[in-house]
Amino acid sequence: QVQLVESGGGLVQAGASLRLSCAASGRTFSNYIMGWFRQAPGKEREFVAGINWDGGVTYYADSVKGRFTISRDNAKNTVYLQMNSLKPEDTAVYSCAARRRGTISSSLAAYDYWGQGTQVTVSS
């Protein structure tokens with residue numbers, strides 16, 4: 001069993017930056033594929049970014065490419081999402097997810113563990 005806890009969300013104005021953190025339990029964190037997803041009210045949860053076990057491979061949704069950066073610090077059992085140039089359409093609950101085996105995937109079903117989410121609100 002793996003537990004994931006997100007933090008760092010908040011209310012900011014358009015153009016501002018936030019860094020989300022996802023702290024993971026378990027000795028096998030360094031071997032997990034990690035991803036960030038988001039869900040806005042009335043919308044389906046969507047993939048935002050993913051990162052492989054050593055951080056050498058990343059993948060981003062087109063909507064955030066060039067603005068968001070995913071990274072990980074395995075020594076701290078933490079994955080990050082640096083969000084720059086935030087837009088009102090980025091407003092959502094952001095959740096981190098872990099996949100035990102495989103590659104980076106944009107599919108929710110590919111991931112085995114999920115955090116509770118942290119709210120990000122971007123005003124105009």
Scanning both residues in full, the closest heavy-atom pair of Ala40 with Ala92 reads N-CB, 3.8 Å

N/O donor-acceptor pair under 3.5 Å between Ser107 side chain and Ala109 backbone: no

Checking the side chain of Ser25 only, and the main-chain atoms of Gln3 only, is there a donor and an acceptor separated by less than 3.5 Å? yes

Just verifying a value: how many Å separate Ser95 OG and Leu4 CG, rounded to the nearest 0.5 Å? 9.5 Å

Is a side-chain donor or acceptor of Thr91 paired with a backbone partner of Glu89 at a separation under 3.5 angstrom? no

Gap separating the CG atom of Leu20 from the CD atom of Gln82, nearest 0.5 angstrom: 9.0 Å

Quick check against the 3.5 Å criterion: does Asn74 have a side-chain atom that pairs as donor or acceptor with the backbone of Trp53? yes

Trace of the side chain to side chain contact (heavy atoms under 4.5 Å, CB included) decision for Arg72 with Thr78: CA-CA 6 Å; Arg72 68 192 300 162; Thr78 302; over 6 Å; no

Criterion side chain to side chain contact (heavy atoms under 4.5 Å, CB included) on Lys87 and Arg67, from CA distance to verdict: CA-CA 10 Å; Lys87 305 175 181 179; Arg67 299 188 297 120; 3.8 Å; yes

Rounded to the nearest 0.5 Å, the CG atom of Asn52 sits from the CG atom of Asn31 at a distance of 11.0 Å

Is a side-chain N or O of Glu44 found less than 3.5 angstrom from the main chain of Gln39, in a donor-acceptor match? no

Test Val93 against Thr118 for side chain to side chain contact (heavy atoms under 4.5 Å, CB included), laying out the working first. CA-CA 5 Å; Val93 174; Thr118 185; over 6 Å; no

Check the pair Asp112, Arg99 against salt bridge (charged side-chain N to carboxylate O under 4.0 Å, His left out), reporting the backbone distance first and the verdict last. CA-CA 5 Å; Asp112 301 291; Arg99 185 181 191 184; 5.8 Å; no

Spatial distance of atom CG (Leu81) from atom CD (Glu6) [nearest 0.5 Å]: 11.0 Å

Can you tell if the side chain of Asp90 reaches within under 4.5 Å of the side chain of Met83, non-hydrogen atoms only? no

For residues 68-110, pull every pair meeting ring-ring contact (aromatic ring centres under 6.0 Å, His included), keeping only residues two or more places apart or in separate chains. none

Between Val12 and Ala16 the two heavy atoms that sit nearest each other are CB-CB, 3.8 Å

Any side-chain donor paired with an acceptor under 3.5 Å for Asn84 and Ser17? yes

d(Arg38 CZ, Cys96 SG) to nearest 0.5 Å is 15.5 Å

CA sep, side-chain torsions, deciding dist, call: Val79, Trp36, side chain to side chain contact (heavy atoms under 4.5 Å, CB included): CA-CA 9 Å; Val79 62; Trp36 284 97; 4.0 Å; yes

Which ILVMFWY residues are connected to Ile104, directly or by a chain of links, through side-chain heavy atoms under 4.5 Å apart? Ile33, Phe37, Phe47, Val57, Tyr59, Leu108, Tyr111, Trp114

